[in-house]
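Read the structure below first, then the notes.
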Amino acid sequence: MTTKPIIAIDGPAAAGKGTLARRLASRLGLPYLDTGLLYRAVGRRVLDAGGDPSNADHAEAAARSLVPADLDRTDLRGPQADAAATAVAAIPGVRAALLDFQRDFAVRDGAVLDGRDIGTVIFPDAQAKLFVTASLAERARRRWLELRGKGLEAEIKTVEEDMRQRDAKDAARAAAPLKAALDAFLLDTSAMDADAAFLAALAFIRTRINMD
Ligand code: CDP
């Protein structure tokens, strides 16, 4: 049991979890882990080896051989990496292999972690849990802008459809499906900018932990 707080931020794709979690971590003086990167790095390793991300043997071998430097790779985003991450994430052996890394990350100094199952599976005793969401159209618009900002042209309808399918897979899988913990604070950011979401999240967290 750590004395430093653990803040769990879960929710569907492009809901603003990463931006929010990073800002909260900096405000609270806590380390930050984007757990999506773990699944993305496993998917990428499988693709590099010419394997199939939905094959349990391929994906589990990749998960077991993951090293922290994999999270710094620059090719973990984009449609192919998205699909590979979602495929490996449905495999129970992959999730089991990544569990200790996530728990160890937070055990000493506390942490803000964002993902799909932080408040439900990884840290069910987290001091504060948020489930961050937004409408599909708004999330697709944000991801489309993000891609464009990186010089990647994409049809907004294609981005929306890919995201809809990925969310559906994340929510339907048997292993640690995407869902809000019963004690999570629901934050719908459809009509909020990043500042408003940050302030709303902070106000909730103040009700759960002592802050300066
Ligand atoms: O950035 P985006 O929200 O699109 O995705 P991400 O958070 O980087 O996660 C990529 C994929 O990894 C998700 O679609 C999930 O399938 C999976 N994931 C998961 O299963 N559990 C987590 N804690 C984090 C990500």
Side-chain angles (χ1 to χ4, degrees), residues 6-22 32-47 53-54 59-60 62-63 66 70-103 105-106 111-124 126 129-136 138-147 149-150 152 154 158-181 184 189 197:
I6 291 174
I7 316 283
I9 317 265
D10 290 306
K17 301 184 301 286
T19 307
L20 177 63
R22 204 170 284 111
Y32 164 58
L33 180 63
D34 170 358
T35 66
L37 288 181
L38 297 169
Y39 298 90
R40 289 176 177 278
V42 172
R44 179 51 71 191
R45 261 186 183 265
V46 175
L47 294 175
S54 54
E60 286 171 25
L66 204 70
D70 287 336
L71 307 188
D72 299 326
R73 289 181 62 152
T74 54
D75 53 1
L76 300 181
R77 308 246 165 228
Q80 201 196 17
D82 289 350
T86 304
V88 302
I91 297 167
V94 168
R95 307 199 72 86
L98 300 179
L99 190 78
D100 286 347
F101 182 93
Q102 297 173 78
R103 292 201 174 142
F105 181 86
V112 178
L113 302 97
D114 81 64
R116 302 292 187 285
D117 64 340
I118 309 302
T120 50
V121 174
I122 309 295
F123 288 110
K129 301 179 188 176
L130 291 102
F131 192 83
V132 182
T133 185
S135 68
L136 177 63
E138 175 58 17
R139 291 187 290 112
R141 193 187 67 85
R142 290 177 192 169
R143 181 52 48 89
W144 178 76
L145 284 173
E146 199 180 306
L147 289 169
K150 289 181 186 155
L152 299 166
T158 312
V159 173
E160 182 172 318
E161 182 51 24
D162 284 356
M163 197 173 272
R164 194 189 61 70
Q165 286 185 20
R166 223 146 53 76
D167 287 346
K169 276 187 196 152
D170 285 344
R173 70 182 176 217
L178 166 69
K179 65 170 182 221
T189 67

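Indexing begins at 1, ligand by ligand and atom by atom, following the structure's order.
- Near ligand 1, residues A13, A14, K17, T35, G36, Y39, R40, R77, A85, T86, A89, R95, G115, R116, D117, R143, R166, D170, R173 come within 4.0 angstrom through at least one heavy atom.
- Just one residue in the list I7, D114, V112 forms a side chain to side chain contact (heavy atoms under 4.5 Å, CB included) with L130, and that residue is I7.
- In this structure, D167 pairs ionically with R139, as a charged nitrogen and a carboxylate oxygen lie closer than 4.0 Å.
- Between M163 and E160, every side-chain heavy-atom pair lies at or beyond the 4.5 Å cut-off.
- Listed by chain and residue number, R142 satisfy the side chain to side chain donor-acceptor pair (under 3.5 Å) test with T189 (two or more places apart in sequence, or in another chain).
- Among R45, R40, R44, the single residue meeting the salt bridge (Lys or Arg N to Asp or Glu O under 4.0 Å) criterion with D70 is R45.
- Residues I122 and F105 fail the side-chain proximity criterion, which asks for heavy atoms closer than 4.5 Å.
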